[in-house]
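What you are looking at is a predicted structure, and each value in this text was computed from that prediction instead of being measured.
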Amino acid sequence: MDMVNWLPEHSAALQDLRARGLSYSEIADTINATFSTAYTRNAALSRAQRMGMAGLDRPEPSLPGHLDPPKPALPEPPRIGRLREGRAELRSDLLRWPKSFTETVEMPRLRCAAVAPRHLSLFDLKRGDCRYPYGGDTDGETMTFCGHPCRPGASYCTPHFHLSRDPEASTRPVLNDAWLQAIGAI
């Protein structure tokens, strides 16, 4: 975008044309024709704003023949709830309010692993230690890990492995030893 410096004559013409009630498009066209410039409507509008003149509001024209034609009235928007002609009555099942629950809902019992975690930091974990996380639920709370020996082929110890899996799911590892060796995990 080019930075345009307005000459004092151009600014004076802008102020004069704006006082006559011309739009910013008309002002830009008149100044361009008079001074052989290439100002846009937005350039004229921005310059007027920097000069402290009014923004987009158009002043009342000083000449009686330059009034804007009256705008046609907008049609009335349809009102909500008004039924169209030829349509049966509005079914009550279409307008349902959300149900409010006043009854107490029993929360499901959370499952816990029967293991006392060692609460190791991420840096203290060794290969083969359980990576089941503890804490870190709130800002600033330290996250620690279980740290007990892992179940073969898993990242968790046996109690945490069963806690994190569906009891009916198979215990077959997702990745076999060949895949683990290929990615360098073993």
Side-chain angles (χ1 to χ4, degrees), residues 1-105 107-108 110 121-125 131-145 155 164-166 174-175 179-180 182-185:
M1 182 165 60
D2 293 332
M3 187 68 171
V4 178
N5 291 327
W6 283 67
L7 296 175
E9 305 88 51
H10 300 175
S11 297
L14 171 74
Q15 198 166 15
D16 180 51
L17 294 171
R18 185 65 182 157
R20 291 186 194 178
L22 272 64
S23 69
Y24 287 108
S25 273
E26 295 167 333
I27 292 170
D29 292 340
T30 305
I31 292 174
N32 291 337
T34 306
F35 298 104
S36 298
T37 57
Y39 294 128
T40 63
R41 172 201 171 269
N42 287 339
L45 175 63
S46 296
R47 179 61 183 163
Q49 288 176 339
R50 286 192 303 272
M51 291 172 59
M53 297 167 51
L56 288 173
D57 56 329
R58 191 169 182 177
E60 292 296 322
S62 57
L63 302 174
H66 285 52
L67 293 174
D68 290 336
K71 294 182 181 177
L74 296 174
E76 181 183 334
R79 295 179 59 199
I80 297 175
R82 188 179 1 175
L83 298 176
R84 291 188 196 167
E85 294 176 14
R87 195 174 192 197
E89 65 184 67
L90 194 59
R91 295 187 345 225
S92 64
D93 62 338
L94 293 177
L95 300 174
R96 292 186 196 167
W97 290 99
K99 293 180 181 178
S100 61
F101 294 101
T102 56
E103 60 198 48
T104 304
V105 178
M107 295 298 292
L110 297 178
S121 71
L122 183 62
F123 297 112
D124 294 335
L125 284 174
R131 265 105 171 117
Y132 192 84
Y134 282 91
D137 297 329
T138 59
D139 287 340
E141 183 180 9
T142 305
M143 179 179 281
T144 59
F145 299 89
S155 297
S164 63
R165 301 291 192 286
D166 185 12
V174 177
L175 298 175
W179 275 100
L180 293 173
I183 62 172

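Here the CD atom belonging to Q15 is positioned 5.5 Å from the CE atom belonging to M53, to the nearest 0.5 angstrom. Residue S11 holds its OG atom at 12.5 Å from CG of D16, rounded to the nearest 0.5 Å. Taking CG of L45 as the start and OG of S25 as the end, the distance is 10.0 Å to the nearest 0.5 Å. Note that CG of L14 is 5.0 Å distant from CH2 of W6, once rounded to the nearest 0.5 Å. Note that NE2 of H10 is 5.0 Å distant from CZ of F35, once rounded to the nearest 0.5 Å. Going from atom CD of E141 over to atom OH of Y134 covers 13.0 Å, rounded to the nearest 0.5 Å.
Counting all heavy atoms, side chain and backbone alike, R131 lies closest to F145 at O-CD2, 3.2 Å. Of all non-hydrogen atoms in G135 and M143, the two that sit nearest each other are O-CE, 3.8 Å.
Listed by chain and number, the residues in a side-chain contact (heavy atoms from CB on, under 4.5 Å) with S46 are R50 (sequence neighbours excluded).
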R47 vs Y39, side chain to side chain donor-acceptor pair (under 3.5 Å): CA-CA, chis, key distance, verdict: CA-CA 10 Å; R47 179 61 183 163; Y39 294 128; over 6 Å; no

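Side-chain atoms of N32 come within 3.5 Å of backbone atoms of A28 as a donor-acceptor pair (strictly under, hydrogens ignored).
Within the 4.5 Å cutoff, no side-chain heavy atoms of I27 are placed close to those of T30. Inter-residue side-chain proximity for L17 and E26 is flagged as unmet; no heavy-atom pair is nearer than 4.5 Å.
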